[in-house]
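In what follows, a single structure is set out as structure tokens and then discussed.
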Amino acid sequence: MRKISKEAFRANIEEALKVKFRRRIDEATPQMIYHAVAYAVNALIADDWMETQEELRKENAKRVYYLSMEFLMGRALGNNILNLGAQKEIREVLDEIGFDLNAIEDKEPDPALGNGGLGRLAACFLDSLATLGYPAYGCGIRYRYGMFRQKIVDGYQVEAPDDWLKDGYPFELRRPEYAVEVRFGGYVNTEWVGGKSIFVHEGYQAVRAVPYDMPIVGYGNHVVDTLRIWDAEPLAKFNLEAFDRGDYVGAVEQQDLAKNLVEVLYPNDNHYAGKELRLKQQYFFVSASLQTAVKKFKEHNDDIHRLPDKAVFQMNDTHPTVAVAELMRILLDDEGLGWDEAWEITSHCCAYTNHTIMNEALEKWPLELFARLLPRVYQIVEEINRRFLLQVMQKFPGDMDKVRKMAIINDGQVKMAHLAIVAGFSVNGVARLHTEILKNQELHDFYEMFPEKFNNKTNGITQRRFLLHANPLLADWCTKKVGDGWITDLSTLKGLIPYADDPAAREEFLKIKYENKVRLAEYIRKHNGIEVDPNSIFDVQVKRLHEYKRQLLNILNVIYLYNQLKDNPEMEFVPRTFIFGAKAAAGYAIAKDTIKLINSVADIVNNDPAIAGRIKVVFIEDYRVSNAELLFAAADISEQISTASKEASGTGNMKFMLNGALTLGTMDGANVEIVEEVGRENAFIFGLSAQEVIDLEHSGSYDPKMIFNDNADIRRILMQLINGTFSPRNPEQFRRIYNSLLSSNGGNPADRFFILKDFRSYDQARRFAAERYKDKDWWARAAILNIAHSGKFSSDRTIEEYVKDIWHLKKLEIPCD
């Protein structure tokens with residue numbers, strides 16, 4: 001670990017306050033102190049960052065470029081201090097000058113570079129890459145505004161701009177010396193020069209891609225990797241000639257193009273303009289990243305054919321898949337290679353991670369849009385498709401149905417997952433069940449053709465953020481029991497297994513959990529105005545709002561429990577606090593209806609004196625990494641209730657497990673492996689299996705109306721959706737939810753995620769969990785065993801598997817003090 005001079009650190013704080021704000025310490029606000037502390041921490045990071053780059057150059061090391069549309073990093077200050085090993089000294093310095101480190105950390109905005117599991121996974125991977133000492137660049141976009149800052153107004157989700165950069169962000173470094181040009185639109189002329197075709201892109205619009213680098217600090221090893229996020233600037237800020245002739249729109253056209261490119265994460269693509277902007281964003285950061293990577297390679301290597309020995313481009317889902325064609329474009333047009341040479345290099349540099357089972361989530365672009373926006377790239381995709389289909393016809397002669405299904409270009413669309421699989425040397429799923437479903441169902445044709453490409457890499461999380469930083473009480477307890485080796489080797493938590501049977505250890509654990517629940521209860525009181533009982537079961541479901549994640553199943557069951565209490569006020573009932581946190585995509589109507597339903601149920605249930613506070617419902621506004629850390633530490637029950645076969649992996653399930661919450665879930669995604677590790681007896685499993693879901697979907701035999709007609713309890717709940725029970729002023733408020741459960745619509749069958757089918761099984765599992773909670777010894781034992789068996793789910797393990805099987809990187813050795 002680094003040796004920190006408290007005197008030097010304080011001097012750096014004072015210098016930053018003087019230069020940046022013209023203030024002394026006794027005049028500074030907490031916000032000013034945050035920026036000054038960040039400046040002082042950056043001074044500690046800088047030497048290691050420069051040393052890491054020097055070692056990279058000296059070793060001419062192979063590096064991974066992790067291409068992702070999202071990086072949900074969370075606050076950097078606390079994490080950087082922790083990974084530097086400087087927490088004690090910096091806390092003492094701040095105490096001496098009258099400030100609390102935790103309060104200063106709270107002044108940092110969450111960088112709005114992602115919105116869900118995909119982006120958080122990317123952040124965990126970068127942390128693990130740096131901690132394990134592997135050379136890596138994360139490559140993404142510097143969004144000015146996040147997906148949105150979620151406000152709940154009268155129970156509705158309202159999207160507000162997430163202006164995370166308004167006060168500046170101290171952990172980013174602008175690197176204009178690495179700026180490149182990215183082109184859109186125009187046309188391609190073909191010229192015959194020296195006996196070969198030369199493709200010339202003309203009539204295009206262009207922007208200047210300027211990188212901002214953020215340090216990714218490894219834990220205790222002096223390695224600092226880089227997250228490079230691209231901003232867009234106009235090539236010329238103002239066209240005076242256009243202005244003089246009265247073309248005021250044309251005068252700022254380039255400025256508007258650049259501004260719109262990076263304005264917001266994931267524009268609403270329910271309309272054509274949104275689709276166009278999203279494709280522009282994807283090409284923008286991919287092209288900038290690849291141009292820079294090739295340029296960096298050529299600084300130290302003479303033979304472009306050796307690019308696969310020095311660089312690997314990992315495509316995080318289908319969003320960066322245009323990298324395949326863009327790398328081909330660079331090699332063909334800029335480097336002057338022939339097709340076969342370029343393909344040999346590209347197909348050994350690109351690897352693809354699939355994050356979804358559902359076909360509708362695999363990106364497909366309208367042909368006209370793709371060809372108009374990226375004319376040269378489209379030509380290359382056409383040629384990749386032509387050559388690939390010849391391979392398919394050779395492998396499966398006469399099977400034109402297979403040719404149609406496997407085509408990259410078909411039915412007026414460019415299918416990005418197909419492009420990634422055809423060009424990538426590796427195709428991985430993110431949980432064992434997910435990978436098997438890809439191989440046997442969704443991507444079976446490709447698995448038949450390229451079985452050697454397919455592999456599994458079960459996701460993981462970084463224990464440094466989600467235990468060491470997020471839950472210091474539990475982290476200290478673990479260290480006292482088994483030492484601090486778990487911080488870099490989570491499997492050492494297996495040493496906790498004997499403590500599960502130690503009454504004193506169980507009592508200590510329950511006390512820690514209670515203190516974390518008190519901390520969350522205070523957050524809820526402050527932000528929601530709701531008083532919750534830390535002695536109640538904290539039953540938590542936090543994740544993106546999507547129908548397949550089945551927040552609707554959860555709240556419908558809450559209604560059922562409420563009905564039972566209303567009918568039988570004297571019944572024995574373990575008090576419960578049901579906590580939700582979720583953002584719905586702006587254009588996702590039924591997801592937003594579900595948020596409104598949760599809040600409407602909360603308004604009724606929380607204020608009904610007849611149930612005496614035995615049920616409370618809380619919706620956490622603006623769910624993000626910083627409040628997620630409070631939720632994982634405090635949860636008793638981890639809701640992982642997606643329809644079996646629909647969740648690729650999940651990582652929230654791992655964060656809850658690591659913090660001693662028990663899984664209530666289906667056998668879906670990584671839940672399967674969690675249950676294998678901890679034992680089914682230490683979780684609450686319910687519902688259809690993945691195969692049962694797949695069989696029901698194929699047979700089309702499921703009819704939710706039969707359940708509605710036969711089950712009076714379920715019928716009552718659904719009728720309450722449309723009779724004004726939870727929306728007295730507008731009984732039709734939840735008609736769309738009601739219809740989705742009982743009527744087919746837009747090609748989707750009724751209750752396509754089997755909410756009513758799994759309702760009884762879910763209720764039984766929830767009842768069993770409540771019964772178990774009454775036995776504190778049993779509960780503490782099961783919780784400790786969950787923590788002890790969470791070792792597999794470290795992102796360190798996942799990254800080691802990527803390195804061994806896909807990336808083939810070597811560790812950097814940075815000299816220590």
Side-chain angles (χ1 to χ4, degrees), residues 148 150-160 524-525 527-532 536 538-547 549-567 575-623 639 641 708 713-742 751 753 755-756 759 762-763 766:
F148 54 81
Q150 184 191 54
K151 300 284 186 187
I152 301 298
V153 179
D154 192 26
Y156 293 94
Q157 171 178 291
V158 176
E159 297 95 25
I524 290 168
R525 187 196 61 76
H527 291 84
N528 295 70
I530 300 170
E531 298 283 347
V532 301
S536 66
F538 276 21
D539 184 312
V540 185
Q541 186 176 18
V542 287
K543 53 185 75 236
R544 281 292 304 281
L545 202 306
H546 197 296
E547 287 171 278
K549 295 179 186 290
R550 299 203 296 190
Q551 286 91 347
L552 182 56
L553 173 60
N554 186 338
I555 196 62
L556 292 180
N557 186 255
V558 172
I559 294 171
Y560 174 60
L561 295 173
Y562 173 65
N563 289 340
Q564 284 195 307
L565 274 179
K566 289 286 282 182
D567 294 345
R576 292 169 226 185
T577 300
F578 297 103
I579 301 171
F580 297 82
K583 290 182 180 179
Y588 196 167
I590 201 159
K592 294 174 86 170
D593 288 348
T594 303
I595 289 175
K596 172 61 176 170
L597 177 60
I598 292 166
N599 284 301
S600 295
V601 171
D603 286 342
I604 299 295
V605 170
N606 295 347
N607 297 297
D608 187 343
I611 65 166
R614 288 180 285 175
I615 295 176
K616 290 289 180 75
V617 179
V618 177
F619 189 91
I620 301 292
E621 183 181 75
D622 202 36
Y623 175 61
E639 293 274 352
I641 60 176
F708 177 81
D713 291 324
I714 288 176
R715 187 164 62 251
R716 178 184 179 185
I717 297 163
L718 266 56
M719 293 309 295
Q720 286 173 310
L721 297 181
I722 57 170
N723 68 10
T725 301
F726 299 106
S727 53
R729 287 178 294 176
N730 179 13
E732 290 292 300
Q733 175 78 60
F734 304 115
R735 173 68 68 174
R736 183 158 37 205
I737 292 175
Y738 175 90
N739 288 343
S740 75
L741 294 170
L742 296 175
D751 192 18
F753 296 112
I755 287 169
L756 302 189
F759 187 92
Y762 178 51
D763 181 62
R766 217 175 207 179

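Everything numeric here is computed off the predicted structure, so don't read it as measured data.
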[X]: ring pair (Phe, Tyr, Trp, His ring centres under 6.0 Å) partners, not counting sequence neighbours:
X: Tyr562; answer: none
X: Phe708; answer: none
X: Tyr623; answer: none

Practice prompt. Measure from the side-chain N and O atoms of Asp622 to the backbone N and O of Gln150, and report whether any donor-acceptor pair falls under 3.5 Å.
Written response: yes
With rounding to the nearest 0.5 Å, note down the distance linking [atom1] in [X] to [atom2] in [Y].
X: Thr577; Y: Asp539; atom1: OG1; atom2: CG; result: 9.0 Å
X: Tyr156; Y: Asn599; atom1: OH; atom2: CG; result: 10.5 Å
X: Ile559; Y: Thr725; atom1: CD1; atom2: OG1; result: 8.5 Å
X: Asp763; Y: Asp713; atom1: CG; atom2: CG; result: 8.5 Å

The complete set of salt bridge (charged side-chain N to carboxylate O under 4.0 Å, His left out) pairs with one or both residues in residues 550-561, sequence neighbours excluded, reads Arg550-Asp758
Residues 591-610 vs salt bridge (charged side-chain N to carboxylate O under 4.0 Å, His left out), sequence neighbours excluded, gives Glu159-Lys592, Lys566-Asp608, Asp593-Arg736
So do the side chains of Leu597 and Leu721 get within less than 4.5 Å of each other, counting heavy atoms only? yes
Non-hydrogen atoms of [X] and [Y] that approach each other most closely:
X: Arg544; Y: Ala582; result: C-CB, 4.3 Å
X: Ile722; Y: Glu732; result: O-OE2, 4.5 Å
X: Leu552; Y: Ile755; result: CD2-CD1, 3.7 Å
X: Leu545; Y: Thr594; result: CD1-CB, 4.1 Å

Per ring pair (Phe, Tyr, Trp, His ring centres under 6.0 Å), Tyr560 is matched among Phe578, Tyr762, Phe759 by Phe759
* Test Ser600 against Ser727 for side chain to side chain donor-acceptor pair (under 3.5 Å), laying out the working first. => CA-CA 7 Å; Ser600 295; Ser727 53; over 6 Å; no
- Less than 4.0 Å between a side-chain N and a carboxylate O, is that true for Arg766 and Glu639? yes
Residues at least two apart in sequence or cross-chain that pass salt bridge (Lys or Arg N to Asp or Glu O under 4.0 Å) with Lys543, listed by chain then number, are none
